[in-house]
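Take a look at the structure below.
Only a predicted model underlies this, so the values are computations on that prediction, with no experimental measurement involved.
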Amino acid sequence: NDNYIVVNSNEFSFRPGGTTVMNIESSGKVGIGTQNPDQLLHVEGTEALSLLESTGAGQNAEYQAKSTTRHWGWGTNIGASGGVYEIFDRTAGSTRFIVDTSGNVLPGADNSYDLGSSSARWANVHSADLHLSNEDTKGNEVDGTTGNWTIQEGEDDLYLLNRKNGKKYKFKLEEIK
């Protein structure tokens with residue numbers, strides 16, 4: 001029989017069929033598919049996939065990363081519900097980022113997070129239409145009012161649609177030569 005377990009001062013290995021499938025070194029490193037793990041957990045294979053599955057109704061399936069300063073989780077049903085994918089800040093106890101079951105990418109809370117910053121900007125944002133709305137907020141900084149607008153592009157013009165009153169505008173553009 002080629003199925004055996006190896007135990008010695010350097011390793012603890014599982015070898016079904018004579019081939020090592022999992023190795024635990026004396027350093028505490030675990031190798032699955034490798035006899036020489038480089039990290040605490042090293043998974044190696046032509047398809048190195050992992051699955052974390054929760055079978056409890058409404059329970060989370062979560063991977064976590066923790067350092068001395070921050071603790072993060074990513075997975076499903078951590079702070080939100082409904083099977084969404086989320087990135088959860090366990091240090092602050094807040095969902096920071098959600099991908100819902102329709103594929104929409106959402107902030108973890110309404111009107112709370114920025115996309116980029118003054119020192120880490122996105123190079124380009126590609127979208128069909130640009131919808132801007134500050135409804136359900138305290139209003140803008142200038143006159144305190146709220147708005148709901150969409151910018152749409154035509155072949156030669158840009159249009160601005162007021163979603164609150166239905167009025168439509170065309171930007172007056174001047175070509176620069």
Side-chain angles (χ1 to χ4, degrees), residues 38-177:
D38 293 330
Q39 301 296 325
L40 286 175
L41 176 61
H42 182 158
V43 179
E44 183 178 300
T46 54
E47 289 191 55
L49 305 174
S50 64
L51 172 65
L52 189 61
E53 182 177 356
S54 171
T55 57
Q59 298 300 308
N60 63 326
E62 175 186 8
Y63 291 95
Q64 293 187 19
K66 185 177 183 180
S67 69
T68 57
T69 58
R70 209 77 189 165
H71 185 179
W72 292 93
W74 60 98
T76 61
N77 294 335
I78 303 168
S81 61
V84 300
Y85 173 82
E86 62 185 302
I87 296 177
F88 190 82
D89 182 342
R90 288 205 157 278
T91 305
S94 298
T95 298
R96 301 295 189 186
F97 179 92
I98 294 171
V99 179
D100 71 15
T101 56
S102 297
N104 298 309
V105 178
L106 308 169
D110 186 40
N111 199 30
S112 297
Y113 305 113
D114 295 328
L115 184 60
S117 71
S118 61
S119 62
R121 298 172 200 67
W122 296 95
N124 293 292
V125 176
H126 297 268
S127 72
D129 295 336
L130 179 61
H131 187 92
L132 305 168
S133 174
N134 66 347
E135 291 183 315
D136 300 322
T137 70
K138 294 178 183 176
N140 67 49
E141 312 177 358
V142 179
D143 65 3
T145 63
T146 63
N148 189 341
W149 298 83
T150 302
I151 299 174
Q152 294 183 345
E153 60 282 343
E155 186 173 332
D156 296 315
D157 295 299
L158 288 174
Y159 303 98
L160 186 61
L161 292 81
N162 186 321
R163 298 296 186 184
K164 287 180 91 168
N165 63 21
K167 292 183 180 178
K168 299 176 183 178
Y169 303 88
K170 179 167 75 172
F171 286 93
K172 291 195 181 260
L173 304 174
E174 181 180 333
E175 184 176 0
I176 301 172
K177 300 204 182 206

Crowding at CD, E135 (>12 non-hydrogen neighbours, <6.0 Å):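 Buried by this count: over 12 neighbours within 6.0 Å.
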Exceeds 12 heavy-atom contacts within 6.0 angstrom, atom CG of N165: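 Yes, the 6.0 Å shell around CG holds more than 12 heavy atoms from other groups.
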Please find the pair of heavy atoms, one from [X] and one from [Y], that lie closest to each other, and give the distance.
{"X": "E62", "Y": "G73", "result": "OE2-CA, 3.3 Å"}
{"X": "W122", "Y": "G116", "result": "NE1-N, 3.5 Å"}
{"X": "S54", "Y": "Q59", "result": "OG-CB, 3.2 Å"}
{"X": "I98", "Y": "G108", "result": "CD1-CA, 4.4 Å"}
{"X": "D100", "Y": "V84", "result": "CA-CG1, 3.8 Å"}

Distance-only polar pair, side chains of H71 and T91, donor-acceptor under 3.5 Å: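 Absent: no donor and acceptor within the cut-off.
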Gap separating the [atom1] atom of [X] from the [atom2] atom of [Y], nearest 0.5 angstrom:
{"X": "D38", "Y": "L41", "atom1": "CG", "atom2": "CG", "value": "11.5 Å"}
{"X": "T76", "Y": "E53", "atom1": "OG1", "atom2": "CD", "value": "10.0 Å"}
{"X": "I87", "Y": "Y63", "atom1": "CD1", "atom2": "OH", "value": "14.5 Å"}
{"X": "L132", "Y": "L160", "atom1": "CG", "atom2": "CG", "value": "8.5 Å"}
{"X": "E86", "Y": "W74", "atom1": "CD", "atom2": "CH2", "value": "13.0 Å"}
{"X": "L130", "Y": "Q152", "atom1": "CG", "atom2": "CD", "value": "10.5 Å"}

Is there side-chain contact between [X] and [Y], with at least one heavy-atom pair below 4.5 Å?
{"X": "Y113", "Y": "R96", "value": "yes"}
{"X": "D89", "Y": "W72", "value": "yes"}
{"X": "K172", "Y": "E174", "value": "no"}
{"X": "T95", "Y": "I78", "value": "no"}

N/O donor-acceptor pair under 3.5 Å between [X] side chain and [Y] backbone:
{"X": "N134", "Y": "G147", "answer": "yes"}
{"X": "S102", "Y": "N104", "answer": "no"}
{"X": "N162", "Y": "G166", "answer": "no"}

Single hit among H131, R163, K164 for side-chain hydrogen bond (donor to acceptor under 3.5 Å, both in side chains) with N148: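 Answer after filtering H131, R163, K164: H131.
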Plane angle bin for Y169 and W149 - parallel if under 30°, tilted between 30 and 60°, otherwise perpendicular: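 Rings of W149 and Y169: tilted, 30 to 60°.
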